[in-house]
Each structure stands twice: as structure tokens, then as C-alpha cells.
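On a predicted model such as this, the values are computed, not experimentally measured, just so you know. A note on names: the letters A, B, ... follow the listed sequences, proteins ahead of strands, and every chain is numbered from 1. Atom set for the values below is all heavy atoms of this structure, side chains included, hydrogens, waters and symmetry mates excluded.
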Amino acid sequence: DIKMTQSPSSMYASLGERVTITCKASQDIKSYLSWYQQKPWKSPKTLIYYATSLADGVPSRFSGSGSGQDYSLTISSLESDDTATYYCLQHGESPLTFGAGTKLELK
Amino acid sequence: DVQLQESGPGLVKPSQSLSLTCTVTGYSITSDYAWNWIRQFPGNKLEWMGYISYSGSTSYNPSLKSRISITRDTSKNQFFLQLNSVTTEDTATYYCARYRYGSSYFDYWGQGTTLTVSS
């Protein structure tokens, strides 16, 4: 199975701050990487697919980058509504595997 | 609008089988996409379990392969998860989700159903 190493596991950031979360795959996943936001007691919501494409309705302050084994999710200017846990997911090879999550809280 | 809704027993005894239903509205499960089960353990780890495609083919996570079955009832636009020989480690929130081929992501999720395995 492809292992997804996500970091950091948790972080605090201030309103307006630029935030970056990273995921490293144990092998090349050819950009088959998506990012999800999950708020408490809610199901995950798609933010980014195919590493860099913004899902419908997602604010433009979210962006994705990366290729090969290394990927990142960036929030350009943190808003209070962005406090959540974020997960990466690789689709490059079955079984699909998730990162362990990054819990983002306001400082 | 596409909606997915999980339903299940809530509580299952160890060694029994669990059966969950995902009812899809707003889109036919035989038209396109892969229809998946994903679970989230206490502590929030997510695990992809498997899918049934619009054509009826299935794919499972090898970690579950001997215990899992995903089937469907096209007349009711539902798909099902059966997991045999459950243990307390199967306690989780179970989600159904639609997977978009090509773009390769889960675009619709259900709200999740919590399953506890306990005697």
C-alpha cells in the first residue's frame, strides 16, 4: 500500500496568515491526489482534486500544488471558517489511502 | 441534487455481520461513477473500504478482502456494505461516497452512520 505522510499533524495559525499542509507519498502517484476538509461531526468536503484543480464552490484562497511524491495544500489567507481537519488522499494505486490528517486551529 | 444517505443498525455484536445501506437520490447508480464505502475510526483515521461501479464491478481494500462484500439494488438505487466477523476494531463512522472517474475524487459524501461493535 502507498503510505501518505501528512504534516504537520496539528497547527495553530492567525487570521490572514498563509497556511501550508504537505503530504508525501511513498511512491510516485502521478498527481492522483485530492484534499478534503472535515469539520466536527460532518462528512469530508472536497477542496482540491488531481493535485491542483479547485473543486466546485471552493474559495480561491485554497490551492494545491505538487507532483510525483510531494504535494501541498495552501490557504492563502486564513479565515475563521477554515478551522477544520484536512486530509490528503492518493488515488494513484489501489487501495486508496489517506493521510493521517492536519488539525488546523486559530491562534 | 445528488444526495447519499447511509443507514444501519448502530450496534452489532462481535463475530456478527454488519450490513449498511446507502440510498442515493438525484442520480442513478447505474449511469456512471464508482460508489464507495469509507470508514473513519475513533481518533479520525480514514480507511477506503471498496466500491461497486456503475456497471456492477467491485474492488475491495485487500485488508478487508476476506470479510467484505459490496452489492446493489438498482431498482431502489441503493448499494450495500456487508462486513463479516466484526470485532471491536470495526467500530467506526461509515460513509458512502461517489467517486468521479477521470477527475479522480469523491464529489459527494453521505453524512455518515456510526457503528459500534460491542457485546
Side-chain angles (χ1 to χ4, degrees), chain A residues 1-6 8-10 23 25 29-58 62 64 66-67 71 73 83-105, chain B residues 1-8 20 22-24 33-53 57-68 70 92-115:
Chain A
D1 297 3
I2 294 177
K3 180 176 172 59
M4 301 301 295
T5 302
Q6 186 172 343
S9 57
S10 65
C23 264
I29 56 172
K30 298 176 171 53
S31 296
Y32 285 105
L33 189 285
S34 50
W35 290 96
Y36 300 84
Q37 176 193 65
Q38 187 179 33
K39 297 187 177 182
W41 313 112
K42 298 290 188 182
S43 54
K45 170 190 170 185
T46 308
L47 299 175
I48 301 288
Y49 63 94
Y50 202 55
T52 61
S53 297
L54 199 64
D56 290 345
V58 175
F62 291 93
S67 62
Y71 300 87
L73 171 72
T83 55
T85 301
Y86 293 84
Y87 296 92
C88 62
L89 168 66
Q90 71 80 20
H91 320 242
E93 184 178 286
S94 187
L96 281 60
T97 47
F98 289 87
T102 297
K103 186 174 183 179
L104 174 59
E105 297 177 278
Chain B
D1 195 24
V2 179
Q3 294 189 27
L4 291 82
Q5 174 83 49
E6 306 90 346
S7 57
L20 300 178
C22 182
T23 300
V24 180
Y33 304 116
W35 302 88
N36 292 255
W37 288 99
I38 295 160
R39 62 182 177 176
Q40 187 165 36
F41 299 104
N44 295 324
K45 177 184 174 183
L46 287 159
E47 179 181 63
W48 172 75
M49 301 181 73
Y51 71 74
I52 186 163
S53 76
S57 63
T58 56
S59 178
Y60 301 130
N61 192 319
S63 68
L64 300 166
K65 197 157 191 177
S66 61
R67 298 198 293 138
I68 189 174
I70 299 176
T93 297
Y94 288 75
Y95 295 99
C96 55
R98 189 178 85 167
Y99 183 81
R100 218 176 165 93
Y101 296 115
S103 305
S104 301
Y105 69 102
F106 295 106
D107 59 354
Y108 288 96
W109 297 67
Q111 89 288 349
T113 187
T114 300
L115 184 93

- [ ] Against chain A, label B:N44 side chain, backbone, both or neither, depending on which of its atoms sit under 4.5 Å from a heavy atom there.
- [x] both
- [ ] Evaluate the side-chain proximity of B:W109 to A:T46: yes if any heavy-atom separation is below 4.5 Å, no if none is.
- [x] yes
- [ ] Could you tell me which of B:L46, B:N36, B:T93 has the largest number of non-hydrogen atom pairs under 4.5 Å with chain A?
- [x] B:L46
Open item on the list: Quick check on the interface: out of B:Y60, B:Y108, B:F106, B:Y105, who has the most heavy-atom pairs with chain A under 4.5 Å?
Closed with: B:Y105
- [ ] Report yes if some heavy atom in the side chain of B:S59 is under 4.5 Å from a heavy atom in the side chain of A:S94; otherwise report no.
- [x] yes
Task: Region of A:L89 that comes under 4.5 Å of a non-hydrogen atom in chain B - done: side chain
Task: Beyond-backbone contact of B:Y95 with A:P44, side-chain heavy atoms, under 4.5 angstrom - done: yes
Open item on the list: How long is the straight-line distance from OH of B:Y51 back to CG of A:L96, given to the nearest 0.5 Å?
Closed with: 9.0 Å
Open item on the list: Taking side chain as everything from C-beta outward and backbone as N, CA, C, O, which of these in A:Y50 sits under 4.5 Å from a heavy atom of chain B? Side chain, backbone, both or neither.
Closed with: both
Task: Interatomic spacing from CG in A:D1 to CG in B:N61 - rounded to 0.5 Å - done: 6.5 Å
Task: Selection from B:Q40, B:M49, B:Q111 maximising heavy-atom pairs under 4.5 Å formed with chain A - done: B:Q40
TODO: Measure the shortest side-chain to side-chain distance between B:R100 and A:Y49 over non-hydrogen atoms and say whether it is less than 4.5 angstrom.
DONE: no
TODO: Pick one of side chain, backbone, both or neither for A:S34, based on which atoms fall under 4.5 Å of a heavy atom in chain B.
DONE: side chain
Open item on the list: For B:K45, is the NZ atom crowded, meaning more than 12 foreign heavy atoms sit under 6.0 Å from it?
Closed with: no
